[in-house]
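Structure, as structure tokens:
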Protein chains: 2
Amino acid sequence: MANVAKYDRADVIKKAMLLFWEKGFNGTSTRDLQQAVDLRPGSIYSAFGSKEGLFKEALRCYSANTYALLQEKIQQQGSPLSGLQAFIHCVVVSNRSSAPSDMCMLVKAVAELTDSNPELLQESQILMKKGELSFTRVLQEAQSQGELSSNADPQSLAKYIQVQLIGLRTYLRTSNDVVAVEQLIENTFQMLKAPH
Amino acid sequence: MANVAKYDRADVIKKAMLLFWEKGFNGTSTRDLQQAVDLRPGSIYSAFGSKEGLFKEALRCYSANTYALLQEKIQQQGSPLSGLQAFIHCVVVSNRSSAPSDMCMLVKAVAELTDSNPELLQESQILMKKGELSFTRVLQEAQSQGELSSNADPQSLAKYIQVQLIGLRTYLRTSNDVVAVEQLIENTFQMLKAPH
DNA sequence: TTTGATTTTGAGCAGTTGTTCAAGTTAAAA
DNA sequence: TTTTAACTTGAACAACTGCTCAAAATCAAA
């Protein structure tokens, strides 16, 4: 039985993810995808079922990559809170030129999607929630290491961080004001690190 | 010369704005628009030139409505800073059920648009900048009335407010957590009102 | 080498897209 | 009443959409 896939599934998903991230769900045609991924329609539809199916995989790929970057930055910095700050600076500022879009792919998804794609909207919301949860865990770790005040509430701070991250990235998209955004990141973490 | 418009231009723009706000630029077809606005293609194209032309008018309409709401809330509250807080609470929380989308139409626009619609992207960015400028002026007024500390910087605080507003609205879209969002609005303004 | 299930291919379908334009309608001016 | 110029109408166009499926290609097992 010839069941050897000729193509690398993970690679296909990554290429699709980069295109969807850049152009959005409605803005990306199946022909754009076929070209980016170098597969004919039949192969794509047998592997992913539909454009929606491929987009869902792309969302998960984006989310996993982002989580991996957070862990990497925490390792590099050697501390949870500094790692989180480095992660945010990286995602918002440093990676801007290499990324397909200034904005978070999940934010672009919840901005664009409506009730006509309920599954994709829900998936995006779930992945955002998971992102918040990983921030909560980082903050809990920071707290147990004494990097964060013991009377801080990691869960509501995680929500705050999420709001800042969404806000900063989107603000940068509208203003191009890198200096102001770097200042705002600095302020946010000075607040967090202060005994408060 | 029969140059009496049979339709109310402002009303047409408003109806188009509500539809574009809900479904986005790519997500709204010209037939959706024709139906919402009750005009045939020829009339729309002679009045606005293209789908892009109508979208640009819709963006300006949205922006003007939002500015009017800010002024209204400042009047109602009788003070700039409380007015700004009331405005943000209104836009983020109270108006949520009546609005076509949880999110800011300008944020949805900059999220969705790419280089294939450079004029629309630029217009969205300009209107966001104008929004920030009106926040700056409100904060300057608050400062001159002693509601805001005299060593605060209205210009960078306006950027901060803009980040919060974008972040909070989008966060609500992803989480539905109204309680947390109201708490974050409260915190933001306690910080601003404190002598700091 | 032959077999046969699995995968890949790409022409093509039915529906939708943004837009045009000739024909018809309107109402003020002559 | 007739003229005239602006406005409205809606059928139609060419391009594009997501997707299907019969035919061809592939390769492990017999």
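Numbered from 1 within each chain, the chains take letters A, B, ... in sequence-line order.
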Given atom CZ of B/Arg9 and atom P of D/dT8, what is their separation to the nearest angstrom? 12 Å

Using atom CZ of A/Phe48 as one end and atom C1' of D/dT20 as the other, report the distance to the nearest whole Å. 18 Å

Quickly work out the B/Arg40 CZ to C/dT26 P distance and round it to whole Å. 14 Å

Are A/Lys159 and A/Gln162 linked by a side-chain donor-acceptor pair shorter than 3.5 Å? no

Could you walk me through whether A/Asn65 and A/Arg60 pass the side-chain hydrogen bond (donor to acceptor under 3.5 Å, both in side chains) check? CA-CA 9 Å; A/Asn65 285 358; A/Arg60 288 173 179 160; over 6 Å; no

In whole Å, what is the span from the CG atom of A/Leu54 to the P atom of D/dT17? 16 Å

Provide, to the nearest angstrom, the distance between the CG atom belonging to B/Leu39 and the C1' atom belonging to D/dG10. 13 Å

So among A/Tyr67, A/Trp21, A/Phe55, A/Phe20, which one has a ring-ring contact (aromatic ring centres under 6.0 Å, His included) with A/Tyr62? A/Trp21

Charged tip of A/Lys51 within 45° of A/Phe25 ring normal and under 6.0 Å: yes

Looking only at the side chains, is there a donor atom on one of A/Gln71 and A/Gln75 sitting less than 3.5 Å from an acceptor on the other? no

Overall bend of the helix from C/dT1-D/dA30 to C/dA30-D/dT1 (five pairs an end, 10° steps) is 10°

Say whether A/Gln145 and A/Glu141, considering side chains only, have a donor N or O and an acceptor N or O under 3.5 Å apart. yes

Which whole-number value in Å describes the distance from A/Ile44 CD1 to C/dT7 C1'? 14 Å

Could you tell me if A/Lys73 and A/Gln85 have a donor-acceptor pair between their side chains, going purely by distance under 3.5 Å? no

For residues A/Thr174 and B/Gln125, is any side-chain donor paired with an opposing acceptor at under 3.5 Å? no

Between N or O atoms, less than 3.5 Å apart, protein on one side and nucleotides 15-21 of chain C on the other: list the pairs.
unit_1: C/dG18; atom_1: OP1; unit_2: B/Thr28; atom_2: O; d: 3.4
unit_1: C/dG18; atom_1: OP1; unit_2: B/Lys51; atom_2: NZ; d: 2.6
unit_1: C/dG18; atom_1: OP2; unit_2: B/Thr30; atom_2: N; d: 2.5
unit_1: C/dG18; atom_1: OP2; unit_2: B/Thr30; atom_2: OG1; d: 2.9
unit_1: C/dG18; atom_1: N7; unit_2: B/Arg31; atom_2: NH2; d: 2.9
unit_1: C/dG18; atom_1: O6; unit_2: B/Arg31; atom_2: NH2; d: 2.5
unit_1: C/dT19; atom_1: OP2; unit_2: B/Tyr45; atom_2: OH; d: 2.5
unit_1: C/dT19; atom_1: OP2; unit_2: B/Lys51; atom_2: N; d: 3.0
unit_1: C/dT19; atom_1: O5'; unit_2: B/Tyr45; atom_2: OH; d: 3.2

